[in-house]
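Reckoned from all heavy atoms, side chains included, excluding hydrogens, waters and symmetry mates. This one's a predicted model, so the numbers in the text were calculated from it and none came from an experiment.
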Amino acid sequence: MQLENILKKAYETHNLNIDEVVTLLTTDDQNVHLLYQYADKVREEYVGDEVFLRGLIEFSSYCKNDCYYCGLRKSNRNAQRYRMSKAEIIERAESAYNVGYRTIVLQSGDDFYYKAEDLADIIKGIKEKCDVAITLSIGEREEWEYKILKEAGADRYLMRFETSNKILYQKLHPNMSFENRISCLKILKKLGYELGTGFLVGLPEQTIEDLANDILLVKQLDADMIGIGPFISNPDTPLKDFPNGSTELTLRCIAVLRLLMPDTNIPATTALGTLDPQGRQKALRCGANIIMPNVNSIEYKEKYQLYPGKICINEDASHCRGCVENIIKSQGRRVGQGYGHSRHKK
């Protein structure tokens, strides 16, 4: 059977060509359970049963970019804009630390109100009060800025390329450069960050071959973390009339990436949980080993609207943590202890 031969090859070598990836992504529903079984087996063997939690602080909803799918796009006049102060960010990180988080993710739009020196002060302030790893997700910056932030104590950097199709990238990201995005990712890797990247599933005009190339580009970039989520249509964007991405196809992408990159960290994303009440649980069963709960105050959660209907925005950080722990335990898994650093090539 062709499917089983491809799965065995992926399990043994962690390498596939584009046609083999396409075959896995288009496997009929009757046999897709085999893909998930193999992915879950690889996950268990390489990263174990622990699911690590990342406390997400969305500290600014301003963005200089105009990406067609994003609610934070600068042209969205309905977006609720805010910026947290240094003291607020550090206090929120400390609160997350006190309820058990050992990784803090600082995320914003591409907002240059915060200079590299300001962000370095925030990183140092958090590290002085909390024994945590810090992930940044703040978009494209200059190499010298990335270097300052690394020297201040940042451990990881998350920046998705969203699509490897250069033509589609330019359509969706006006006045941005695919080449610059990839250059930034390579610089981050060179500087010693644990690199996180990934893509959206279900973008308008996206093909299965595009998704296969997305998967292969993640492998080529040698990512330490891979974030994959379904496209969710936002009524305040130019893509408002397009259908949402597929939960099932997103799960298949997660499973294939677990086969090809067995020791990387792969989140069960909030977007999956938004489209499907069991989305995060399903992701944990086909290769995922990370969950990133939002630990911000409810006031700011409600304003950071990348897409509509986001789950958990009315829950405080402690309640949200309890809910996520129950999800993890329901899948026979356990909450990871420590920072949850990447095991990739360690």
Side-chain angles (χ1 to χ4, degrees), residues 53-65 67 70-74 76 78-99 101-142 145-146 148-160 184 188 193-194 196 225 227 229 267 269-271 290-307 310-318 320-321:
L53 302 182
R54 318 299 205 200
L56 177 62
I57 301 173
E58 295 161 333
F59 65 90
S60 169
S61 64
Y62 283 86
C63 189
K64 71 178 184 64
N65 297 325
C67 306
C70 183
L72 299 189
R73 65 193 311 263
K74 68 178 181 181
N76 181 8
N78 293 326
Q80 300 182 70
R81 307 295 183 181
Y82 68 90
R83 290 184 175 113
M84 293 172 64
S85 69
K86 291 182 184 180
E88 281 183 295
I89 298 168
I90 294 168
E91 182 276 330
R92 182 51 52 179
E94 191 173 10
S95 296
Y97 176 73
N98 288 336
V99 296
Y101 289 93
R102 294 299 177 263
T103 290
I104 301 298
V105 181
L106 301 179
Q107 181 172 303
S108 70
D110 280 28
D111 183 6
F112 288 89
Y113 170 84
Y114 299 89
K115 306 301 182 187
E117 294 79 8
D118 298 323
L119 294 167
D121 287 344
I122 292 167
I123 293 165
K124 291 174 184 176
I126 293 172
K127 292 261 183 168
E128 286 172 1
K129 292 177 176 289
C130 312
D131 182 17
V132 294
I134 294 180
T135 300
L136 300 177
S137 180
I138 57 173
E140 296 178 5
R141 298 260 176 163
E142 297 294 329
E145 295 178 281
Y146 291 145
I148 286 174
L149 300 175
K150 187 74 176 67
E151 291 172 349
D155 301 279
R156 307 169 185 149
Y157 205 102
L158 173 60
M159 182 165 53
R160 303 197 308 196
C184 286
L188 289 162
Y193 285 90
E194 283 189 18
M225 192 188 86
T269 62
T270 301
I290 301 286
I291 295 182
M292 297 172 62
N294 192 316
V295 298
N296 227 340
S297 65
I298 293 173
E299 171 195 1
Y300 292 132
K301 282 186 181 185
E302 292 174 343
K303 293 179 179 178
Y304 199 88
Q305 292 288 334
L306 301 176
Y307 51 81
K310 185 188 288 189
I311 56 173
C312 305
I313 62 171
N314 296 314
E315 298 178 358
D316 64 33
S318 58
C320 193
R321 182 180 172 93

Distance (rounded to the nearest 0.5 Å) between Ser61 OG and Glu302 CD: 13.0 Å
Candidate pair Tyr62 and Tyr113, rule ring-ring contact (aromatic ring centres under 6.0 Å, His included), full reasoning: CA-CA 9 Å; Tyr62 283 86; Tyr113 170 84; 8.0 Å; no
Under-4.0 Å salt bridge between Arg54 and Glu194: no
Where Asp110 and Gly139 come nearest, the two heavy atoms and their spacing: OD1-CA, 3.2 Å
Audit row: Glu145, Ile138, side chain to side chain contact (heavy atoms under 4.5 Å, CB included) steps and yes/no: CA-CA 11 Å; Glu145 295 178 281; Ile138 57 173; over 6 Å; no
Matching residue for Arg156 among Thr103, Leu136, Val105 - test: side-chain contact (heavy atoms from CB on, under 4.5 Å): Thr103
Distance, nearest 0.5 Å, that separates OG of Ser297 from CE of Met84: 6.0 Å
Gap separating the CD1 atom of Ile104 from the CD1 atom of Ile90, nearest 0.5 angstrom: 12.0 Å
Nearest heavy-atom neighbours spanning Tyr193 and Ala154: CE2-CB, 3.8 Å
Minimum side-chain heavy-atom gap Pro267-Met225 below 4.5 Å: yes
Residues Tyr157, Lys150; criterion side chain to side chain contact (heavy atoms under 4.5 Å, CB included); working and verdict: CA-CA 9 Å; Tyr157 205 102; Lys150 187 74 176 67; over 6 Å; no
Approximate separation, where rounding is to 0.5 Å, of Ile134 CD1 and Ile123 CD1: 5.5 Å
Criterion salt bridge (charged side-chain N to carboxylate O under 4.0 Å, His left out) on Lys127 and Asp155, from CA distance to verdict: CA-CA 11 Å; Lys127 292 261 183 168; Asp155 301 279; 2.8 Å; yes
Parallel, tilted or perpendicular, as decided by the 30° and 60° cut-offs, for the rings of Tyr300 and Tyr82: parallel
Shortest non-hydrogen contact from Ala79 toward Gly71: CB-O, 3.7 Å
Rounded distance (nearest 0.5 Å) linking atom CD of Glu88 with atom CZ of Arg83: 13.0 Å
Student check: side-chain heavy atoms of Leu56 and Thr270 closer than 4.5 Å: no
Steps toward side chain to side chain contact (heavy atoms under 4.5 Å, CB included) verdict (Phe59, Leu106): CA-CA 7 Å; Phe59 65 90; Leu106 301 179; 3.9 Å; yes
Considering all heavy atoms, the nearest Lys64-Phe112 contact: CE-CE1, 3.0 Å
Point-to-point distance, once rounded to the nearest 0.5 Å, from CD1 of Ile126 to OH of Tyr97: 13.0 Å
Expected output: side-chain Asp121 to main-chain Asp118 donor-acceptor under 3.5 Å: no
Check: Arg81 side chain, Leu72 main-chain N or O, donor-acceptor pair, under 3.5 Å: yes
Closest approach of Tyr146 to Met159 (non-hydrogen atoms, all atoms of both residues): OH-CE, 3.8 Å
Tyr114/Ser108 under side chain to side chain contact (heavy atoms under 4.5 Å, CB included): CA gap, chis, key distance, verdict: CA-CA 10 Å; Tyr114 299 89; Ser108 70; 5.7 Å; no
Note, Val99 side chain near Val295 side chain (heavy atom, < 4.5 Å): no
Test side-chain contact (heavy atoms from CB on, under 4.5 Å) applied to Leu53 and Arg102, Arg321, Met292, the passing residue: Arg321
Where Glu58 and Asn296 come nearest, the two heavy atoms and their spacing: O-ND2, 2.9 Å
